[in-house]
Amino acid sequence: MKTLASYVLGRWHAPEGDTRTVVDPSTEEPLAELGTGGIDFGAVLAHARDNGGPALRALGFPARGELLAALAGAIHEHREELIDLSLVCAGTTRGDAKFDLDGATGTLAAYAHFAKTIESEGFLVDGEGIQLGRTARFWGQHILVPRRGAAVHVNAFNFPAWNMAEKMACALLAGVPVVEKPGTPTAMLAWRLAQVIVTSGLLPEGAFQFLCGGAGDLVDRLGPQDVLAFTGSSGTGALLRGNPSVLRHNCHVNVEADSINAAVLAPDVERDSETYALFLANVELDLRQKTGQKCTAVRRVLVPKEQVEAVGADLALSLGRIVVGDPRDKATTMGPLASADALAGVRAGIRALSAVGEILCGGPEPVRERGYFVAPTLVLAREPEADVIHEREVFGPVATLVPYDGEATEAARLVNRGGGGLVASVYSNDRSWTEEVVLAISPWHGRVWIGSDKVAEQAMAPGMVLPASQHGGPGRAGGGRELGGLRGLEPYLQRTALQGFQGLLTTAFGSRS
Ligand code: NAP
């Protein structure tokens, strides 16, 4: 069995004392042990702040952008090996492994590209200058400057590569050193990725540290210039946000949490239309891809009452074609869940949903004797108002069909019962219906995806997070904001309003264009 070390203070640190074992989720065979015992978390933060930060900032934005491009290239060179490892340690199919890994390198490369639009070395110009005094002599200009602390990234288990890379891309480009902590069940992939990053020698010492195991007292040691960016469940997010040190120092916190994402089919969508085909394909993809372990996967599918029987039959048919099994078997189209805890949670969730509905396909029963497998499951809500449908995230290949009356206001009311979401998708070719729903659900969502005949042939699926579009949502979804082009750098930058002589501010801090 392998031992997974952490990379801290410029060296690999093997676990001391208690360790946890990670297993192959298809076979339950132990793969490796990991732990962060013996690590001085205060020293880790100091190393980042004192060494990594100054070295990164000395490079300036354009050179840091080039670093990201080189990192993407270094990871890409190991693509095949990392895909093979993902099949074993994360239970992903090859397609799901590529989604995670190519998402990681793609996001790093995208930020390298965004960096080319930055005109200054040490700060970002934020908006136009503004006249503050009686004449233009007394002037104002907002700028964004790198924070002088460390960025602690606590990541979820479901995207070990992408989650680490998308956060790193923004922090490193901003000039802030990172301390990465992956979710434990799939940490082996993140660990190998960390090895690739360290071995590449591309990053200055202290700019990248990696913790393989628990976070110990790391969060208790955060200070006023540090950033905590978390991805995971609402419960853990609330715990970390409420940490006394984080509160005392007003440490900048970004939380990406869970979300009861909804898809809405409008009454105008005909069963033989391109929009309907897109709707079916996207719902099927969200359940199958990553075995439904995507924060953006659809959990509630709203369908007009008159169409619910036909839609249920169509979806059950396409979900029934999914081949559940060990991803090393080429016939497999959906692998296991990532851990025993994940499986127990999904089974309990299916039972809770079936108490207020009827299972149209799948169910909570074991699919195989060993491994964390579950069948793709569709539940038809018999009690569409039941809280469990709108409040419980079942983090697996599970969705609930929710019948509604076809009215835009009713669709929006039900969608918004999720309490704040990462993404909602709307399928319609009726412009006024679409406008009404989009405006009513936008305050409750970070992203609204609109499917229609016009985009059917080229739209990326709503579950896909793109570096150019904002990711994150209000309320239940954590209230965080990530990505969205250069907006994604904002958690790592301090916005400062400069006020003074126009001649100084426009030449030293204003836009060059
Ligand atoms: P989780 O149990 O909340 O864990 C998330 C991370 O927090 C893991 O690295 C975990 O470490 C760490 N953690 C747990 N307790 C901690 C503590 N007291 N102090 C410091 N760190 C702590 O979530 P998960 O099961 O890994 O991920 C699944 C959840 O993430 C789902 O609810 C999903 O919706 C959400 N998610 C959201 C997004 C998004 O962008 N909004 C993306 C992906 C996933 P250990 O693994 O070592 O316990």
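First listed ligand is number 1; within each ligand, the first listed atom is number 1.
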- prompt: Counting from 1, what ligand 1 atoms have a heavy atom of Leu422 closer than 4.0 Å?
  reply: 41 (N)
- prompt: Using heavy atoms and a threshold below 4.0 Å, how should the contact between Phe157 and ligand 1 be classified: side chain, backbone, both, or neither?
  reply: both
message: Among all the protein's non-hydrogen atoms, which is closest to atom 8 (C) of ligand 1, and how far away is it?
response: Asn155 O, 3.2 Å
message: Measuring from non-hydrogen atoms of Ala187 to any atom of ligand 1, is the shortest distance under 4.0 Å?
response: no
message: At less than 4.0 angstrom from any non-hydrogen atom of Thr184, what atoms of ligand 1 do you find?
response: 45 (P), 46 (O), 47 (O)
message: Both conditions, 6.0 Å and 45 degrees, for the charged tip of Arg221 above the ring of Phe41: are they met here?
response: no
Atom 23 (O) of ligand 1 [closest protein heavy-atom partner, distance rounded to 0.1 Å]: Ser233 N, 3.4 Å
- prompt: After noting the C-alpha distance and the side-chain angles of Asp102 and Arg79, does the key distance pass the salt bridge (charged side-chain N to carboxylate O under 4.0 Å, His left out) rule?
  reply: CA-CA 8 Å; Asp102 294 344; Arg79 183 172 183 264; 2.8 Å; yes
- prompt: Any nitrogen or oxygen of Cys295, main chain or side chain, under 3.5 Å from a nitrogen or oxygen of ligand 1?
  reply: no
task: Would you indicate whether His76, at its atom NE2, is surrounded by more than 12 heavy atoms from other residues, nucleotides or ligands within a distance under 6.0 Å?
output: no
- request: List the closest protein heavy-atom neighbour of atom 35 (C) of ligand 1: residue, atom name, distance to the nearest 0.1 Å.
  value: Gly232 O, 3.3 Å
- prompt: Is Ala257 in contact with ligand 1, taking contact as a heavy-atom separation below 4.0 Å?
  reply: yes
Geometric class of the Phe114/Tyr111 ring pair [parallel <30°, tilted 30-60°, perpendicular >60°]: perpendicular
query: With ring centroids as reference points, do Tyr492 and His153 lie under 6.0 angstrom apart?
result: yes
query: Are any of the N/O atoms in Ser259 less than 3.5 Å from those in ligand 1?
result: no
query: How far is atom 18 (N) of ligand 1 from its nearest protein heavy atom, and which residue and atom name does that atom have?
result: Leu239 CD2, 3.4 Å
- prompt: Would His471 count as a contact of ligand 1 if the rule is a heavy atom under 4.0 Å away?
  reply: yes
- request: Provide, to 0.1 Å, the distance between atom 27 (O) of ligand 1 and the closest protein heavy atom, together with that atom's residue and name.
  value: Ala156 CB, 3.4 Å
Donor-acceptor under 3.5 Å (Asn416 side chain, Ala440 main chain): yes
message: I'd like to know if the side chain of Ser259 pairs up with that of Asn261 as donor and acceptor (distance under 3.5 Å, no hydrogens or angles considered).
response: yes
message: Please list the nearest protein heavy atom to atom 21 (N) of ligand 1 with its residue and the distance rounded to 0.1 Å.
response: Val154 CG1, 3.8 Å
message: Checking the N or O distance criterion of under 3.5 Å, is ligand 1 in contact with Glu393?
response: yes
statement: Numbered in order shown, the ligand 1 atoms found under 4.0 Å of a heavy atom of Gly183 are 8 (C), 9 (O), 46 (O)
query: For atom 4 (O) of ligand 1, what is the nearest protein heavy atom, given as residue, atom name and distance?
result: Thr236 OG1, 4.4 Å
message: Has Arg64 got a side-chain atom pairing as donor or acceptor with Leu56's backbone, closer than 3.5 angstrom?
response: yes
field: Ligand-side contact atoms (ligand 1) for residue partner Leu240, heavy atom cut-off under 4.0 Å
entry: 19 (N), 20 (C)
task: Considering only non-hydrogen protein atoms, determine which one is nearest to atom 48 (O) of ligand 1 and report residue, atom name and distance to 0.1 Å.
output: Arg20 NH1, 4.0 Å
- line: The answer for which part of Phe159 has a heavy atom under 4.0 Å from ligand 1 is neither
message: Show the atoms of ligand 1 that are less than 4.0 angstrom away from any heavy atom in Pro182.
response: 9 (O)
- request: Using a 4.0 Å heavy-atom threshold (strictly under), name the region of Ala215 that reaches ligand 1: side chain, backbone, both or neither.
  value: side chain
query: Side chain, backbone, both or neither: which part of Thr231 comes within less than 4.0 Å of ligand 1 when only heavy atoms are counted?
result: both
message: Looking at Arg49 and Gln225, would you say the former's side chain and the latter's main chain have a donor-acceptor pair under 3.5 Å?
response: no
query: Just which atoms of ligand 1 are under 4.0 Å from any heavy atom in Asn158?
result: 43 (C), 44 (C)
- line: The answer for which part of Ala477 has a heavy atom under 4.0 Å from ligand 1 is neither
